[in-house]
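Okay, so here's the structure we're looking at.
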Amino acid sequence: MNYVKIGNIKINRGVLFILPGILFFTIMVIYPAGYVIYLSLFTEGKGLGLEPAFVGLKNYITVFTSNSFWQIMSNTLFYSFVATACHIVIGMAMAVLLNNKLLKRKTLTAGRSLFLVPWAISPSVVAIMFQVMLHPKVGPIGIILRRFDPSIEFNPLGDPALSLLTVTLTNIWKFTPFYFLVLLAGLQAIDDGLYEAARMDGATGWKQFTKVTLPLMKNYIITLAVFDFVSTMAYMDLTWIMTKGGPLNSSEVLSTLAYRTSFQNFRFGEGSAVGVLIFLISIIFTTIAMRLMSEED
């Protein structure tokens with residue numbers, strides 16, 4: 001029987017199997033997302049327990065017209081695009097290197113294990129570790145530089161020109177191993193016979209990479225890039241712990257702006273509007289990537 005009878009109601013067995021997943025997704029994703037949209041449209045002002053009243057796009061207008069919004073948007077796009085590009089490029093390079101059959105098995109195992117170490121460390125620990133390493137007074141880099149020239153002031157997290165780049169490089173160091181691992185799994189799924197055929201046709205290592213590896217890894221790369229961009233845009237841990245968006249908003253991104261606006265300034269309507277904006281940008285990027293995949297297929 002494909003149906004289960006509960007009282008006078010017949011329910012398809014398949015529905016019962018997927019019902020827990022639907023309930024979980026509704027409670028953990030749909031409801032919170034819907035509530036954020038509701039707050040952005042029905043909450044104005046500062047404080048807790050505000051009476052809901054429809055304010056339309058007022059919170060969005062407030063966010064868009066703030067003095068620092070476009071700088072923060074620029075920071076977010078720089079942070080997301082640069083981190084995503086480096087995750088994929090470095091991850092692919094290391095995956096190709098550590099998938100080389102010419103290396104000994106012990107060498108490959110040791111190399112893969114060492115490269116995964118940053119990913120195994122908690123993000124908060126990574127942020128504090130880099131704070132200490134880059135500290136102008138007690139950090140080892142600053143101490144070494146001052147031995148060569150006592151007048152050197154090494155403080156990348158306190159320099160508006162370097163703070164965002166420093167946080168971005170920290171993100172790259174921390175998360176590239178994850179993308180390396182996924183890309184390595186993709187490379188290992190490619191049939192060795194394809195490379196053998198390419199070698200018999202006289203293809204060099206670079207030709208094999210561009211004509212065999214990249215075309216077969218295309219969907220892996222695009223899927224990872226979408227996931228990476230969306231998750232990086234919404235990620236705030238490293239930025240918040242290392243700089244809290246400073247100095248002078250130089251490393252502020254949309255995710256830290258949403259947190260600061262909502263949970264420090266208690267302007268939940270405006271903070272929710274920033275959250276919706278992150279969601280919309282993610283949807284646009286995902287849609288473009290999916291269309292590129294479908295057109296090439």
Side-chain angles (χ1 to χ4, degrees), residues 75-101 103 107-127 129-130 164-191 194-195 205-206 208-242 251 253-255 278-279 281-294 296-297:
N75 291 346
T76 304
L77 294 177
F78 174 87
Y79 179 62
S80 301
F81 277 115
V82 172
T84 298
C86 289
H87 289 159
I88 301 299
V89 172
I90 298 174
M92 175 61 85
M94 292 304 299
V96 171
L97 177 63
L98 294 176
N99 192 47
N100 194 330
K101 301 297 190 295
L103 298 177
T107 303
L108 291 175
T109 302
R112 293 169 186 175
S113 301
L114 288 173
F115 195 70
L116 289 173
V117 168
W119 185 44
I121 304 174
S122 168
S124 57
V125 174
V126 170
M129 180 177 72
F130 273 87
L164 180 61
L165 178 61
T166 304
V167 174
T168 304
L169 292 175
T170 305
N171 179 289
I172 292 166
W173 183 85
K174 161 68 181 151
F175 290 107
T176 296
F178 169 77
Y179 299 96
F180 151 78
L181 190 63
V182 178
L183 291 167
L184 178 62
L187 288 175
Q188 292 179 338
I190 298 175
D191 186 358
L194 297 174
Y195 293 107
W206 178 249
Q208 292 175 39
F209 178 73
T210 56
K211 300 299 182 181
V212 178
T213 305
L214 280 183
L216 293 174
M217 291 292 292
K218 180 195 67 176
N219 287 344
Y220 279 92
I221 293 171
I222 295 177
T223 303
L224 274 181
V226 171
F227 171 80
D228 192 0
F229 180 84
V230 171
S231 59
T232 302
M233 177 170 285
Y235 191 78
M236 61 161 285
D237 296 32
L238 291 177
T239 308
W240 187 257
I241 295 172
M242 292 179 72
S251 62
V253 290
L254 288 176
S255 56
I278 295 173
F279 175 72
I281 294 173
S282 300
I283 289 294
I284 291 170
F285 182 80
T286 303
T287 302
I288 293 172
M290 292 301 101
R291 286 190 175 182
L292 287 174
M293 288 179 65
S294 61
E296 290 187 10
D297 289 340

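No hydrogens, no waters, no symmetry mates; every other heavy atom, side chains included, goes into these values.
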Look up atom [atom1] in [X] and atom [atom2] in [Y], then write down how far apart they are to the nearest 0.5 Å.
{"X": "Leu169", "Y": "Asn171", "atom1": "CG", "atom2": "CG", "answer": "9.5 Å"}
{"X": "Leu238", "Y": "Thr166", "atom1": "CG", "atom2": "OG1", "answer": "12.0 Å"}
{"X": "Ser124", "Y": "Met242", "atom1": "OG", "atom2": "CE", "answer": "12.5 Å"}

Give a yes or no on whether Tyr195 atom OH has more than 12 heavy-atom contacts from other residues, nucleotides or ligands under 6.0 Å away.
yes
Within a 6.0 Å radius of atom CZ on Phe279, are there more than 12 heavy atoms belonging to other residues, nucleotides or ligands?
no
Heavy-atom pair with the smallest gap, counting every atom of [X] and [Y]:
{"X": "Leu97", "Y": "Leu108", "result": "O-CD2, 4.4 Å"}
{"X": "Leu77", "Y": "Met233", "result": "CD2-CE, 4.2 Å"}
{"X": "Ala127", "Y": "Ile241", "result": "CB-CG2, 3.5 Å"}
{"X": "Ser255", "Y": "Tyr235", "result": "OG-O, 3.0 Å"}
{"X": "Leu187", "Y": "Met217", "result": "N-SD, 3.7 Å"}
{"X": "Lys174", "Y": "Val126", "result": "CD-CG2, 3.8 Å"}

Does some side-chain heavy atom of [Y] sit less than 4.5 Å from a side-chain heavy atom of [X]?
{"X": "Ser282", "Y": "Ile278", "value": "yes"}
{"X": "Ile221", "Y": "Leu183", "value": "yes"}
{"X": "Met92", "Y": "Tyr220", "value": "no"}
{"X": "Asn99", "Y": "Arg112", "value": "yes"}
{"X": "Gln208", "Y": "Leu194", "value": "no"}
{"X": "Phe180", "Y": "Leu116", "value": "yes"}

Quick one about Asp228 and Thr232 (side-chain donor to acceptor, distance below 3.5 Å, no hydrogens or angles considered), yes or no?
yes
side-chain contact (heavy atoms from CB on, under 4.5 Å) partners of [X], counting only residues at least two apart:
{"X": "Thr286", "result": "Val226, Val230, Met290"}
{"X": "Phe178", "result": "Trp119, Val182, Phe227"}
{"X": "Asn75", "result": "Gln71, Leu164, Val253"}

If we check ring-ring contact (aromatic ring centres under 6.0 Å, His included) with Phe229, which of these qualifies: Phe81, Tyr179, Tyr79?
Phe81
Side-chain (Thr176) to main-chain (Trp173) donor-acceptor, under 3.5 angstrom:
no
